[in-house]
Amino acid sequence: MKYRYRVLGFLFLLSVITYVDRVCINLLGKDIQKELGITPYYWGWIIGAFALSYAVFEIPTGVMADRSGPRKTAARIVVWWSIFTSLTGLVQNFWQLVSCRFLFGAGEAGAYPTSSAAISRWFPVNERARATGIVWMGSRVGGALSPIIVLSLAEIVGWRGTFGVFAVLGGVWVTVWYWWFRDTPKEMAGVSKAELVEIGPPFENQAHGLPWGIVLRDSNFLTLLLMYHTYCWGSFFYLGWLTDYLREGRGYDNSDLKAIAWLPFACGACGNLFGGWLSDRLRPKIGLKWARCSIGAGGLFLAGCFMMATHFIPGKVLPLVLLALGYGSMDAMLPVAWAVCLDIGRRHGGSVSGAMNMAGQLGSFLSSVAFGLIVTRLMGAGWTKPDAYNFPLLPFSILLMVSAALFLRVDPNRQLIPEEPEVTKTLGRKAA
């Protein structure tokens, strides 16, 4: 097996563990809320605390991955989040839990920009969307396995012990990763000359800092950020509120969740794999712009349609099927969007993807808090619990359609720094 595919295997496992740890709290939310006396409004802040810190630390960690390399950066990320995963099981009140989730998000921030930085070093241009798709597919595999693993484990060791078990998984992964992985193919013993030729000339290990003064005036870059921000309003519903929505809004219990709650994440895994594969396949036929944007915009628009239909459809099973189809559609966009970060960012792929994900996670934070606030206000106004939990899907679906329109305006052919040496010289002269 080629060494770059082994690297991809490690990144896939990282993604699986990341999402098991991330989704774990949502599946155990009912027990946690009951024991600690937390209302839906305050639960929204707990879910949002993770997204907020995740957003704040995305760019610094992406820059770290570009400069220090993915080996050290990924190790730091996994050690940090494993510590705070275990500490989550020790909290005794709201403030301890919200603080722990905030610090957990700070530790996990940059996991996917770091994976992008590794892909930019280890994969040729024509394989990057597929590689990114497989990494994101791992996140959905983790999400699909979580209802079965987490709920079954909680029955044995309780919700507190469950967090400790998942912390150990992170420790095992980081130990093997740091011992085996190297930042570039040339540093890895055993990589053949033929594979080095396939991968192509590498970027320098130490990337110059991204000139944010120039970048933040780039309309293409700002459109990318806004697209991902509006997308995450719809996407984070699946990670932050889906379990509560199914329980309170559609009448699911734990046995139902074990049986069928994996479906959206399974569809998401397929969407990631298909979207990345199709984009790379279409690139030589219709050009980079439409190979990226047609899939990205199309997936987001379909996701908005499916989520809006869910809002209006009564029942129990069909709404979940529609949500699953929506998650699969929007996830076809994910590898494409992250490949665009490498297209326009080049050696700054970690920084650019970190900025995009920061903008997205700010949307995740706002949507988490908004969901809890909307539910609380509507129930206070006399709405039934199912109706209150169902209403937020309507504005979230509209934002997904806005995101689709924005993706059509993104141009992956426009590199942020077209001639990096000249930009560096110019900045140096201005500083002088």
Side-chain angles (χ1 to χ4, degrees), residues 21-55 84-85 87-106 143 146-147 150-151 154-155 158-163 232-254 256-257 261 307 310-311 316 319-320 323 361-396 399:
D21 283 358
R22 190 182 299 188
V23 175
C24 182
I25 193 169
N26 306 315
L27 290 163
L28 300 174
K30 184 177 180 180
D31 294 336
I32 298 172
Q33 291 174 60
K34 183 178 179 180
E35 182 173 330
L36 301 184
I38 298 172
T39 65
Y41 172 74
Y42 287 103
W43 187 251
W45 280 98
I46 289 169
I47 299 301
F50 165 85
L52 179 61
S53 61
Y54 195 88
F84 283 97
T85 297
L87 290 178
T88 302
L90 302 177
V91 299
Q92 299 297 322
N93 55 50
F94 167 79
W95 290 109
Q96 290 179 7
L97 182 55
V98 76
S99 300
C100 195
R101 293 307 291 178
F102 183 88
L103 293 170
F104 174 80
S146 292
V150 173
L151 295 175
E155 292 174 358
W159 70 265
R160 295 181 182 277
T162 301
F163 285 103
C232 278
W233 276 78
S235 172
F236 203 72
F237 160 77
Y238 289 88
L239 304 179
W241 282 101
L242 177 62
T243 302
D244 285 79
Y245 170 79
L246 293 176
R247 280 185 175 130
E248 308 296 342
R250 298 292 178 171
Y252 280 69
D253 57 25
N254 277 358
D256 296 326
L257 293 175
M307 184 174 282
T310 303
H311 170 79
K316 192 172 179 178
L320 180 60
L323 286 175
Q361 295 312 315
L362 288 174
S364 298
F365 166 70
L366 293 174
S367 71
S368 299
V369 175
F371 195 104
L373 180 61
I374 291 170
V375 168
T376 301
R377 291 288 176 86
L378 291 179
M379 289 177 63
W383 287 45
T384 65
K385 185 177 286 187
D387 287 341
Y389 272 86
N390 196 45
F391 180 80
L393 269 61
L394 185 58
F396 289 1
L399 285 170

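Values below: every heavy atom of this structure, side chains too, minus hydrogens, waters and symmetry copies.
From Leu393, atom CG reaches atom CG of Leu323 across 6.0 Å, with rounding to the nearest 0.5 Å. Annotation: the span from Leu378 atom CG to Leu373 atom CG amounts to 9.0 Å, rounded to 0.5 Å. A distance of 11.0 Å separates SG in Cys232 from CG in Leu366, rounded to the nearest 0.5 Å. Rounding to the nearest 0.5 Å gives a distance of 13.5 Å between CZ of Arg377 and CZ of Phe391. His311 contributes atom NE2, which lies 8.5 Å from atom CG of Asp387 (distance to the nearest 0.5 angstrom). The distance from the CG atom of Leu394 to the OG1 atom of Thr310 is 11.5 Å, given to the nearest 0.5 Å.
Remark: Phe163 engages no residue in a ring-ring contact (aromatic ring centres under 6.0 Å, His included) (not counting sequence neighbours). Looking at residues two or more places apart in sequence or on another chain, you find a salt bridge (Lys or Arg N to Asp or Glu O under 4.0 Å) between Arg160 and Glu35. Judged as a side-chain contact (heavy atoms from CB on, under 4.5 Å), and not counting sequence neighbours, the contacts of Leu87 are Ile83, Phe84, Leu90, Cys100. A search for side chain to side chain donor-acceptor pair (under 3.5 Å) contacts involving Thr243 returns nothing, not counting sequence neighbours.
Shortest non-hydrogen contact noted between Ala51 and Ser364 is CB-CB, 3.7 Å. Of all non-hydrogen atoms in Gly240 and Ile47, the two that sit nearest each other are CA-CG2, 3.7 Å. Here the closest heavy-atom approach between residue Gly251 and residue Lys316 is recorded as O-NZ, 3.4 Å. Here the closest heavy-atom approach between residue Ser368 and residue Trp241 is recorded as O-NE1, 3.2 Å. Considering every non-hydrogen atom in both Thr162 and Ala154, the closest pair reads OG1-CA, 3.5 Å.
Leu27 places a side-chain heavy atom less than 4.5 Å from the side chain of Pro147. You'll find the side chain of Ile46 stays beyond 4.5 Å of the side chain of Ile32, heavy atoms only. Taking the side chain as every heavy atom from C-beta outward, Met307 and Leu399 never approach each other to under 4.5 Å. Residues Phe371 and Phe396 meet the side-chain proximity criterion, which asks for heavy atoms closer than 4.5 Å. Counting heavy atoms from C-beta on, the side chains of Asp256 and Leu246 never come closer than 4.5 Å. Inter-residue side-chain proximity for Leu28 and Cys24 is flagged as met; some heavy-atom pair is nearer than 4.5 Å.
Here the side chain of Glu248 pairs no donor or acceptor atom with the backbone of Asp244 at under 3.5 angstrom. A donor-acceptor contact shorter than 3.5 Å is absent between the side chain of Tyr389 and the backbone of Arg247. Not a single donor-acceptor pair under 3.5 Å links the side chain of Trp159 to the backbone N or O of Gly89.
Residue pairs meeting the side chain to side chain donor-acceptor pair (under 3.5 Å) criterion with at least one member in residues 38-50, sequence neighbours excluded: Tyr41-Trp45. Listed by first and then second residue, the side chain to side chain donor-acceptor pair (under 3.5 Å) pairs that reach into residues 92-102 come to none, sequence neighbours excluded.
Ring planes of Tyr245 and Phe237: perpendicular class, angle over 60° (limits at 30 and 60°).
Screening Leu151, Leu242, Val150 for a side-chain contact (heavy atoms from CB on, under 4.5 Å) involving Leu257 leaves a single residue, Leu151. Checking each of Phe365, Phe102, Phe104 against Phe50 for a ring-ring contact (aromatic ring centres under 6.0 Å, His included) leaves exactly one that passes, namely Phe104.
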Just do the side-chain contact (heavy atoms from CB on, under 4.5 Å) check on Leu362 and Leu52 with the steps written out, would you? CA-CA 6 Å; Leu362 288 174; Leu52 179 61; 4.2 Å; yes
